[in-house]
Structures are given as C-alpha cells and as structure tokens.
Amino acid sequence: MASNNSITIGETVVAPGQRININLPVAELYTATPLSMPMQVVCGRKAGPTLFISAAVHGDELNGVEIIRRLLQRKVLQSMRGTLLAVPIVNVHGFLNQSRYLPDRRDLNRSFPGSAKGSVAARLANRFYKQIVAKADYGIDLHTGAINRFNLPQVRGNLDEQKTLELARVFSVPVIINANIRDGSLRACAAELGVPMLIYEAGEALRFDEISIRAGLRGILNVMHLIGMLPEAKRPKRVEPVLARSTSWVRAPASGIVSDKVKLGSRVKKGQRLASISDPLGDEEDNAIAPFDGIVIGRSNLPLAHEGDALFNLAAFESVSKVEGLVEEFTATHDLEPRHDG
Ligand SMILES: [Zn+2]
C-alpha cells in the first residue's frame with residue numbers, strides 16, 4: 001500500500017502519521033484580538049482520500065460540533081488511510097454570538113466561494129474554500145434545523161450524481177433528499193470543484209440531540225468505510241434509506257397558539273390535521289392540514305405562530321409506510337446504542 005502524501009493547510013505542513021491542531025487565522029476582532037478557525041488534520045500513514053467534515057457553518061447549529069468532537073476521540077483514526085480535515089466551527093463569529101449569521105447578518109452558506117478582499121463573510125468563505133474544500137476529495141457538512149425547528153435526521157445532496165448517492169445511502173439515516181443547489185452555498189462551491197458532498201441535517205439550533213449526534217457519527221464512519229479510509233466494520237449497521245420525491249413546508253393558516261401537533265417522523269395522510277391554531281381564548285380554531293401523504297421530517301417546536309409561519313416540513317415518498325417503519329427502527333437503534341460503540 002502506497003504511503004500518504006503530506007498536506008499543507010495555511011502555513012502548516014502535516015506529514016503522514018501526524019495529527020496536528022491548526023488555528024487558521026480568519027479575522028481580527030474590534031479589540032485587535034486575532035480570531036481563528038480551530039481544526040484538526042489527521043494525516044494517515046497510508047494513502048487514501050482526503051475528507052473534510054465541517055460544522056457550524058451556521059454558527060448556532062451545534063450537533064455537528066459534538067459529532068466532530070466524538071469522531072476525533074475514535075481510536076480507529078489511528079489506523080485511518082488518507083487524510084481527515086475536521087473543522088468543528090467554520091463560522092467562528094456566529095458561534096461566539098450563538099447566531100446563525102455573521103456580525104453583518106450575512107449567511108456564510110450563501111457567501112461561497114467568497115473573496116480574499118471582500119466582507120467578513122466573503123473572506124471566511126474564501127479561506128475555508130481554498131484551505132479545506134479545494135484540498136478534499138469528499139466533504140460532509142453538518143447542520144441542524146433553525147431555532148425552534150427540529151429536523152428528523154436526514155441527508156441532502158445532489159443525488160443525480162452517482163458518487164454522492166452512494167455516500168448518502170451508506171450514511172444510513174432513514175430519509176435522503178435530492179436537494180437543489182443554492183447559489184453561494186458550500187455545496188455549490190464543492191460541486192464546482194467536483195467534490196462529492198453531503199449535508200447532514202438533524203435536530204435544532206442551540207441544542208444537542210443525542211440521537212442526531214449518534215446517527216451523524218455513525219453516518220460519517222460509514223462513509224469513511226465506503227471510501228476506503230477505515231476498514232469495514234465487523235457488523236456494519238446500515239439502514240436502506242428512502243429517497244424523498246419532494247418536500248414542502250406546511251404553513252400556519254392563521255396566527256395564534258399552536259396545539260395538538262403531530263410528532264416528528266409521523267406518517268400523515270392527505271387532508272389529515274397536523275395541528276390546531278387558536279386564539280388565546282380558544283374561540284377561533286383553525287387547522288393546519290397535510291397537503292399530501294407523507295412523513296413529517298421537520299417541525300416547529302414553538303407553540304406560537306403567525307399566519308404563514310412554517311410549521312411542518314413534509315416529505316413525499318413512493319412508499320410512505322416503508323419510511324415510517326424505518327424511522328421507528330432507526331430511533332430505537334440509536335437510542336439503545338452505547339455511546340462509544342465500534
Ligand atoms: Zn444550517
């Protein structure tokens with residue numbers, strides 16, 4: 001087996017067999033304090049692909065930060081082939097402020113590939129793009145729902161692309177979604193470079209969710225097995241996911257107090273009531289209705305809504321009942337799993 005190549009990130013050269021923490025400079029704060037993006041480069045002794053794993057591109061989405069922390073504790077990385085670029089906090093400004101955005105309210109995930117002389121968002125995007133994405137063969141970017149919006153663990157990617165579809169399948173969450181590429185997103189930028197990339201979405205902003213974290217870690221390890229960075233597990237834990245045909249947000253038909261909500265992961269039928277919305281005195285009541293048969297893959301946890309607020313994200317499948325079974329099995333598996341398995 002050929003030996004691995006060294007990799008240079010910023011000013012640091014990481015040689016095969018080395019594992020180095022790097023603080024990639026990104027900006028200076030008002031206080032003239034330098035701000036940097038913390039990352040770890042694990043350069044395996046033997047040749048293999050380079051994989052980047054990033055989190056907190058939206059600074060308040062924290063499950064991925066914990067997923068990467070746990071990944072880096074895994075002993076199996078000692079015998080890993082290829083190179084792992086682990087970046088737990090991409091949007092360092094947003095992370096400090098517990099905010100999705102950068103201080104100028106820009107969304108980092110609409111700022112790629114950015115530029116070295118642009119706004120804070122453009123510079124941060126550009127640095128990440130040049131130092132990480134452009135040096136990788138594959139990428140996984142970890143996200144959660146927004147504040148008060150909980151996403152059922154799901155992967156998104158350009159599934160028309162064969163390699164990405166394979167990565168999405170092996171990640172082993174029940175639902176995979178063929179998502180259109182948004183301009184300025186990290187994914188658009190990776191696609192331009194021909195780097196197959198997955199988005200993992202699970203849980204909600206500013207919270208840790210144990211099942212989302214475990215499933216994300218398991219998914220990353222599965223991908224690392226598939227692309228030859230890790231040896232195949234003795235008892236691979238896989239679910240065969242189902243591809244969503246389409247997804248759609250169901251919005252509040254009126255403003256008010258939201259009650260009797262269906263659970264995340266529920267199977268719903270067209271015309272079924274998903275929640276009721278009433279005024280605080282309970283006089284007027286309106287229902288949010290499922291527009292088609294599907295599974296609830298995202299849900300607002302806030303019991304208040306303005307008319308038009310997104311309440312439920314519903315996904316349509318060829319076989320809704322199959323997905324319902326998968327979701328139940330998946331939740332049970334990750335609930336029982338010991339924290340440091342395999
Ligand atoms: Zn996000």
Side-chain angles (χ1 to χ4, degrees), residues 26 37 39 52-69 71 86-114 120-122 124-125 127-129 132-133 139-158 164 167-168 171 173 175-191 195 197-209 211-213 215-217 219-220 244 247 249 264 297-302 309-310 312-313 315:
V26 286
M37 193 189 295
M39 64 173 296
F52 82 80
I53 306 199
S54 53
V57 162
H58 292 132
D60 60 353
E61 299 182 1
L62 306 182
N63 279 333
V65 179
E66 177 64 5
I67 291 170
I68 292 178
R69 196 183 70 81
L71 172 68
V87 190
I89 306 159
V90 180
N91 180 355
V92 276
H93 292 88
F95 189 78
L96 283 168
N97 292 327
Q98 298 178 16
S99 161
R100 175 184 176 90
Y101 302 102
L102 282 146
D104 58 1
R105 302 296 296 163
R106 278 178 216 242
D107 184 332
L108 183 59
N109 213 18
R110 305 286 177 273
S111 306
F112 286 94
V120 172
L124 187 57
R127 177 133 287 223
F128 185 73
Y129 167 71
I132 310 294
V133 186
I140 303 174
D141 189 31
L142 308 169
H143 287 255
T144 74
I147 291 178
N148 294 323
R149 294 231 193 103
F150 201 107
N151 282 338
L152 189 74
Q154 54 196 266
V155 291
R156 300 178 185 179
N158 175 15
T164 310
L167 301 181
F171 202 94
V173 289
V175 175
I176 57 180
I177 296 165
N178 195 7
N180 292 331
I181 284 183
R182 287 210 179 112
D183 281 350
S185 68
L186 174 54
R187 205 151 64 79
C189 168
V195 176
M197 192 184 140
L198 291 184
I199 303 287
Y200 174 60
E201 283 269 359
E204 68 182 308
L206 296 175
R207 297 284 182 271
F208 277 171
D209 174 62
I211 288 181
S212 302
I213 291 167
L217 180 56
I220 290 169
T247 65
W249 278 97
L264 197 68
I297 61 161
R299 198 185 87 148
S300 164
N301 285 336
L302 191 70
D309 279 353
F312 300 94
N313 196 2

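Computed from heavy atoms alone, side chains included, the values below leave out hydrogens, waters and symmetry copies. Atoms within a ligand are numbered from 1 in the order they appear, just like the ligands themselves. Note that this is a predicted model, so its numbers are computed, not measured.
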Q: For the Zn ion (ligand 1), find the closest N/O/S atom on His58 and give its atom name.
A: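 Result: ND1.
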Q | Proximal heteroatom of His143 relative to the Zn ion (ligand 1) (N/O/S) | A |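 When I compare the N, O and S atoms of His143, ND1 is nearest to the Zn ion (ligand 1).
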Q | Flag side-chain contact, heavy atom, 4.5 Å: Phe208 against Asn63 | A |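 Phe208 vs Asn63: side chains touch.
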**Q.** Asp183, CG atom: more than 12 neighbouring heavy atoms under 6.0 Å
**A.**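 No - once you tally the heavy atoms of other residues, nucleotides and ligands closer than 6.0 Å, there are 12 at most.
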Q. Does atom CZ of Arg182 have more than 12 heavy-atom neighbours from other groups under 6.0 Å away?
A.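 No, because the 6.0 Å sphere around CZ of Arg182 holds 12 heavy atoms or fewer from other groups.
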Q: Output yes if Glu201 passes the N/O/S-under-2.8 Å test against the Zn ion (ligand 1); output no otherwise.
A: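 Under 2.8 Å: Glu201 has no N, O or S contact with the Zn ion (ligand 1).
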Q) Side chains of Ser300 and Asn148: donor-acceptor distance under 3.5 Å anywhere? A)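 Side chains of Ser300 and Asn148: no pair found under 3.5 Å.
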